[in-house]
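To keep things clear, I will list the structure first and then write my remarks on it.
One-based numbering, in listed order, for ligands and for the atoms of each.
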Amino acid sequence: MANEKSTVILGGGIIGLSIAYYTSLSSPITHITIVDSASILLESASGYAGGFLARDWFDPRVAALGDYSFTLHRELAEQFDGAKRWGFTGSHVYSLTLDDAPGGVSGEDWLLAGTSRANAVGRMVTQHVNAPGEGVNADGTPAWISKQDKASWKPIAGVEDCGQVEPRRLCEFLLEKCKERGIKILLGKRAVDIVRKRGGGIEGLMIENAGKSEGSKEEQFLKCTDIVIAAGCWTPRVFNTLFPSARISLDIDSLAGHSILYRTPRYAQPFKNIAKGQLDKAHGKDEHISYAIYCPPTKQWDWSGEAYARLNADSKPEIWSGGLNHTSTQLPLPELATDSKKLIKPECMKSLRKAAVTLTGLRVSDSSEPATDDIEIVSEHLCFRPASKSGVPILGEVAARDLGKGFGEGGGAKVWVAGGHGPWGISMSLGTGKVMRDLMAGTKPEVDVSALKVVEGAPLSKL
Ligand SMILES: Cc1cc2nc3c(=O)[nH]c(=O)nc-3n(C[C@H](O)[C@H](O)[C@H](O)COP(=O)(O)OP(=O)(O)OC[C@H]3O[C@@H](n4cnc5c(N)ncnc54)[C@H](O)[C@@H]3O)c2cc1C
């Protein structure tokens with residue numbers, strides 16, 4: 001049929017999956033294929049991230065997308081029982097500053113100055129004061145954090161504007177829906193070349209086996225009307241492989257982050273949402289809540305910690321802890337996401353565990369002894385944030401003439417980019433998916449993302 005489109009999405013992280021999911025809901029019929037170079041999906045940031053969601057912590061250029069995406073997270077969770085399936089909850093947020101933190105630094109200072117959530121926080125939301133209840137101490141502090149001598153606490157945001165998900169489970173849900181809707185998933189494959197029509201336009205792309213199976217390359221041609229590059233930190237590599245003479249560059253670097261997932265006896269039961277039943281509140285239907293803690297460096301560790309007490313599928317409590325980061329110059333991006341594990345630094349895991357014990361280990365009341373290590377590590381990870389130079393994601397079409405010599409003539413498939421979500425790709429995923437769907441369909445997105453578009457090369461006349 002003349003109206004049918006066929007879209008190839010390069011990258012099956014949360015951004016590629018969200019684009020595929022929302023595009024598959026639209027009409028006219030679109031045939032969608034996701035191509036990923038890894039042999040297993042979700043070995044990237046999307047599978048190992050913290051899963052913290054915010055409505056309005058963003059740079060003004062991305063504020064509308066952030067708000068939109070936060071609303072979509074709640075809507076999707078309500079539609080498909082996200083609370084049970086991917087641990088969707090509203091989240092209380094605290095800053096915690098230990099007494100040995102370097103002078104004058106508080107938990108939210110580093111958030112604003114930006115390390116882990118680099119340059120991302122536009123403004124902190126209004127003070128949120130938590131009411132005592134299950135999982136909460138009499139002073140309003142979360143009971144899963146052990147008693148901290150001379151520490152200062154500050155509630156910085158609440159369940160109305162913040163939330164959490166188990167990102168791997170959310171991705172698995174999106175993947176399941178994509179498969180149900182007939183989307184093809186090709187794993188262990190990478191796009192190596194563009195196939196052009198006689199007039200110069202793009203007819204499709206060639207893919208071949210990725211990684212070590214070079215011996216049998218098994219080239220395959222994928223004809224398409226749209227190509228979306230959504231490969232996280234690998235986005236520039238994919239773009240440069242396909243368009244070596246492009247007139248633009250995509251400035252997305254990688255910021256590596258170690259993290260751990262663990263359990264503690266102090267968070268054995270989910271925290272009940274004491275506002276449940278108050279239907280005038282968005283979170284009035286939620287059974288449970290989660291907690292996020294932000295903590296500046298101390299004498300014991302020199303990085304800015306973040307700990308998320310969240311729920312896994314079937315409402316099982318777990319704590320994700322991270323904040324220990326390295327730029328790409330210190331930890332280079334591997335060729336395949338599945339190779340990231342080999343780069344894990346044991347000393348980083350030790351440091352994360354130490355911080356986890358200090359914050360949540362067993363501590364006898366009124367004792368001056370340090371906390372005892374009674375935590376159970378579930379898993380250890382290293383993954384890479386796609387950090388754009390501009391500090392905001394890059395979303396939109398690459399002008400044909402910017403793809404390189406001769407691409408501007410003859411029509412053919414369009415090329416799109418959706419990458420560089422930095423520390424906020426989980427939060428912005430659903431909004432990105434829907435916006436990209438609209439852009440590709442030629443309809444106006446519900447939010448203005450013009451500040452995020454691919455920067456065009458200089459006019460040809462000036463070259
Ligand atoms: C430690 C850490 C904690 C985080 N915590 C949060 C958080 O709490 N909240 C939040 O909102 N965000 C968080 N983030 C950020 C978030 O995880 C990322 O922004 C998001 O996952 C990026 O998704 P993506 O799909 O763009 O990239 P990725 O998840 O990296 O996926 C890219 C995919 O592209 C594939 N690929 C690579 N090369 C090719 C190729 N040549 N061809 C085809 N496919 C290819 C990879 O195999 C991978 O599957 C965190 C990130 C890190 C590292």
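- Between D36 and ligand 1, at least one N/O pair is under 3.5 Å apart.
- For Y48, the heavy-atom gap to ligand 1 stays at 4.0 angstrom or more.
- Cation-pi contact between R196 and F407: present, with separation from the ring centre below 6.0 Å and deviation from the ring axis of at most 45°.
- At a 3.5 angstrom cut-off on N or O pairs, K189 does not count as close to ligand 1.
- Under 4.0 angstrom from ligand 1, the non-hydrogen atoms of V238 all belong to its side chain.
- With a heavy-atom cut-off of 4.0 Å, F239 does not touch ligand 1 at all.
- Looking at every heavy atom in both residues, H288 comes nearest to K272 through CD2-CA, 4.2 Å.
- Among all heavy-atom pairs drawn from D251 and I394, the shortest one is N-CD1, 4.5 Å.
- Among I145, V93, T360, the one residue that satisfies the side chain to side chain contact (heavy atoms under 4.5 Å, CB included) test with I293 is I145.
- Below 4.0 Å from some heavy atom of W320 lie the following atoms of ligand 1, by number and element: 1 (C), 3 (C).
- Here the side chain of H258 pairs a donor or acceptor atom with the backbone of K345 at under 3.5 angstrom.
- Of all atoms in ligand 1, listed by their number and element, those nearer than 4.0 Å to a heavy atom of C383 are 1 (C), 52 (C), 53 (C).
- At a 3.5 angstrom cut-off on N or O pairs, G16 does not count as close to ligand 1.
- Looking at R247 and D402, a side-chain N of the basic residue comes within less than 4.0 Å of a carboxylate O on the acidic one, giving a salt bridge.
- Applying the salt bridge (charged side-chain N to carboxylate O under 4.0 Å, His left out) criterion to E335, with sequence neighbours excluded, gives R237.
- Taking only nitrogen or oxygen atoms, main chain and side chain alike, H258 does not reach within less than 3.5 Å of ligand 1.
- The shortest N/O to N/O separation between L41 and ligand 1 does not fall below 3.5 Å.
- A salt bridge links K341 to E43: one of the charged nitrogens lies within less than 4.0 Å of a carboxylate oxygen.
- If you look at V35 next to ligand 1, the close heavy atoms, those under 4.0 Å, all belong to the backbone.
- T358 and W301 share no side-chain donor-acceptor pair at under 3.5 Å.
- Among the atoms of I14, some N or O lies under 3.5 angstrom from an N or O of ligand 1.
- Ranked by closest heavy atom to atom 38 (N) of ligand 1, the top entry among G66, S37, P393, S321 is S37.
- Considering backbone and side-chain atoms together, G257 places no N or O closer than 3.5 Å to any N or O of ligand 1.
- Electrostatic pairing of E160 and K281 does not count as a salt bridge here, judged by no charged N lying under 4.0 Å from a carboxylate O.
- Within the 4.0 Å heavy-atom shell around ligand 1 one finds G51.
- Of the options S69, A231, A191, the smallest heavy-atom separation from atom 32 (C) of ligand 1 is shown by A231.
- In terms of polar-atom proximity, defined here as any N/O pair under 3.5 Å, M428 makes no such contact with ligand 1.
- The existence of a salt bridge linking E180 and K177 is confirmed by a sub-4.0 Å separation between a basic side-chain nitrogen and an acidic carboxylate oxygen.
- Near F52, with a cut-off below 4.0 Å to any heavy atom, the atoms of ligand 1 are 7 (C), 8 (O), 9 (N), 10 (C), 11 (O).
- Under the 6.0 Å cut-off for aromatic ring centres, Y267 and Y291 do not qualify, their centroids lying 6.0 Å or more apart.
- In the vicinity of Y308, heavy-atom distances shorter than 4.0 Å reach the ligand 1 atoms 8 (O).
- Of the listed options P423, S46, G425, S44, S46 places a heavy atom closest to atom 21 (O) of ligand 1.
- At a heavy-atom cutoff of 4.0 Å, ligand 1 is contacted by the side chain of W234 but not by its backbone.
- The residue from A230, A337, G422, S429 that puts a heavy atom closest to atom 15 (C) of ligand 1 is G422.
- Between F173 and F80, the ring-plane angle classifies as tilted under the 30° and 60° cut-offs.
- With distances taken over non-hydrogen atoms, the option nearest atom 26 (O) of ligand 1 out of L10, I15, N325, D339 is I15.
- Closest approach of I252 to G419, counting heavy atoms only: CD1-C, 3.8 Å.
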* To do: Could you go through the side chain to side chain donor-acceptor pair (under 3.5 Å) check for S91 and Q164 one step at a time?
  => CA-CA 6 Å; S91 180; Q164 291 192 42; 3.1 Å; yes

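- Between F52 and the options W57, W320, F70, a ring-ring contact (aromatic ring centres under 6.0 Å, His included) holds for only W57.
- Listed by number with element, the atoms of ligand 1 under 4.0 Å from a non-hydrogen atom of G11 are 34 (O), 43 (C), 44 (N).
- Residue contact check: S427 has heavy atoms under 4.0 Å from atoms 10 (C), 11 (O) of ligand 1.
- Near G232, meaning under 4.0 Å from any of its heavy atoms, are these atoms of ligand 1: 26 (O), 27 (O), 32 (C).
- In the vicinity of G50, heavy-atom distances shorter than 4.0 Å reach the ligand 1 atoms 3 (C), 4 (C), 5 (N), 6 (C), 8 (O).
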